[in-house]
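Remarks on the structure that follows.
Quick note: numbers below take in every heavy atom, side chains included, and nothing from hydrogens, waters or symmetry partners. Remember, predicted model here, so these are calculated numbers, not experimental data.
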Amino acid sequence: MADRSDLDFTYSLTDRVFRLSMGELADFSCAKYDGDFSLSLEEAQLRKHQYIGEQVGIGAGRRLLDLGCGWGPLLDYVRRQGGTGVGLTLSSAQLSSCRHHGLDVRMEDARLVSRGSVGEFDAVASLGAFEHFCSLGDYRAGLQERVYRGFFAGVADVLPEGGRLYLQTMVFGDNMPSPERIDLDALTAPALPPRGSDAWLLALLGRQFPGSWLPFGYEQVVRCAAPSLTLVSSSNGRLDYIETITQWNARIGKPSLRKTALKLMLVPRWLTSRDFRHAFTSGVSANKVCFERELLDHWRLVFEKPSGVRAQAEPEYRFEPTE
């Protein structure tokens, strides 16, 4: 999995720039436009939170566990609806920001969640964190589906019968090469593949999100959840994600003296880290282009814990907590 240092590279280094651009409770996951791209980014993010609330039940007296809570926008929505939210993250900057805003957030590995570690919740949500649960090394070792099944078993453990999980995740899309045609070494090699190629875009993503590997389509996600959770509904958000990234890029690129000063503080990192240069200064929004080329796809999945599912005495795949 992407460990704490990987996630700090992706999220903590750019923390203050992102919050200055998006707001203190920045929402760093796909908004929900439903084809109406006249909506503002804030309106589309609110629509997403309302949709999650309708699907899993958010309101007074309800407890929700947010796995990979980011800067806490969903937890804040739960709070404003009168519910109780608890978030888990492995980003030190996100942890500090969430706690500063009075949110109950803990530095814990979402893959290790169990009733014994966090208690029982009426509902669980995870927006974007699933993308980091399997690493390239896990995939090469043949562990990808074991990782996913272990995660879903843990989620089922904290839910009552009938309790729901809302999962929002990127997956590899229809135009992603089949596994046997992917040059895995090129994804992490010092030299990048030819600029503009699909392999080049995927290599950039590998540097922006180190330690992370995606599922091959939402069908793989559903199959791995099946022993513990039943799929209730699914909807595709690829076009929504393209619009969301467009709005993010416009706001991040808007001139600001404070953002310029913060970016200047990252110059030493730019000078000393080739991966940092590749990840953040390639001049291309790699994830947006990958969505446009359908190398990536995006799904919103709602699962429910059926009756008769028991917690495993021992997880199928033993994770080691991040130090």
Does [X] use its side chain to pair, donor to acceptor, with the backbone of [Y] at less than 3.5 Å?
| X | Y | result |
| --- | --- | --- |
| Ser117 | Val113 | no |
| Ser96 | Ser92 | no |
| Glu131 | Met170 | yes |
| Arg115 | Asp157 | yes |
| Ser126 | Leu67 | yes |
| Arg62 | Gly57 | yes |
| Thr246 | Ile242 | yes |

Is [Y] close to [X] at the side-chain level, that is, under 4.5 Å between some pair of heavy atoms?
| X | Y | value |
| --- | --- | --- |
| Tyr33 | Leu239 | no |
| Val86 | Val118 | no |
| Asp240 | Phe37 | yes |
| Gln220 | Val171 | no |
| Cys30 | Arg300 | yes |

Under 4.5 Å between side-chain heavy atoms, counting indirect links through other Ile/Leu/Val/Met/Phe/Trp/Tyr residues: same cluster for [X] and [Y] or not?
| X | Y | result |
| --- | --- | --- |
| Leu65 | Phe303 | yes |
| Leu64 | Val155 | no |
| Tyr218 | Phe151 | yes |
| Leu165 | Ile52 | no |
| Val78 | Leu95 | no |

So is Arg238 actually on top of Phe291's ring, under 6.0 Å and inside 45° of the axis? no
Pick out which of Leu296, Leu214, Leu202 makes a side-chain contact (heavy atoms from CB on, under 4.5 Å) with Met176. Leu202
Please name the residue in the list Val124, Asp122, Val56 that meets the side-chain contact (heavy atoms from CB on, under 4.5 Å) test with Leu159. Val124
Checking [Y] against [X]: is there a side-chain donor and acceptor pair closer than 3.5 Å?
| X | Y | answer |
| --- | --- | --- |
| Ser228 | Lys305 | no |
| Thr89 | Gln94 | yes |
| Lys48 | Ser29 | yes |
| Gln50 | Glu54 | no |
| His49 | Asp27 | yes |
| Tyr166 | Gln168 | yes |

Run the ring-ring contact (aromatic ring centres under 6.0 Å, His included) test on Phe133 and Trp213 for me, step by step, so that the C-alpha distance in whole Å, both residues' side-chain angles and the decisive distance to 0.1 Å come before the verdict. CA-CA 8 Å; Phe133 289 168; Trp213 186 252; over 10 Å; no
Classify the ring geometry of Phe28 against Trp248: parallel below 30°, tilted from 30° to 60°, perpendicular beyond 60°. tilted
Which distance, rounded to the nearest 0.5 Å, do you find between the [atom1] of [X] and the [atom2] of [Y]?
| X | Y | atom1 | atom2 | value |
| --- | --- | --- | --- | --- |
| Leu90 | Met107 | CG | CE | 6.5 Å |
| Leu143 | Arg149 | CG | CZ | 10.0 Å |
| Leu167 | Leu231 | CG | CG | 10.0 Å |
| Leu229 | Cys224 | CG | SG | 11.5 Å |
| Ser235 | Gln55 | OG | CD | 8.0 Å |

Less than 6.0 Å separating the ring centroids of Phe130 and Trp299? no
Which residues pass the side chain to side chain donor-acceptor pair (under 3.5 Å) test with Arg164, not counting sequence neighbours? Glu304
What residues, two or more places apart in sequence or in another chain, satisfy side chain to side chain donor-acceptor pair (under 3.5 Å) together with Ser234? none
Can you give me the closest heavy-atom contact between [X] and [Y], atom names plus distance?
| X | Y | answer |
| --- | --- | --- |
| Pro215 | Gln144 | CA-NE2, 3.6 Å |
| Glu161 | Pro306 | CG-O, 4.1 Å |
| Leu295 | Asn175 | CD2-O, 3.4 Å |
| Asp104 | Gly85 | CB-O, 3.8 Å |
| Cys98 | Cys69 | SG-SG, 4.4 Å |
| Val302 | Tyr51 | CG2-OH, 4.4 Å |

Pair [X] + [Y], salt bridge at N-O below 4.0 Å:
| X | Y | value |
| --- | --- | --- |
| Arg140 | Asp138 | no |
| Glu43 | Arg47 | no |
| Glu145 | Arg223 | yes |

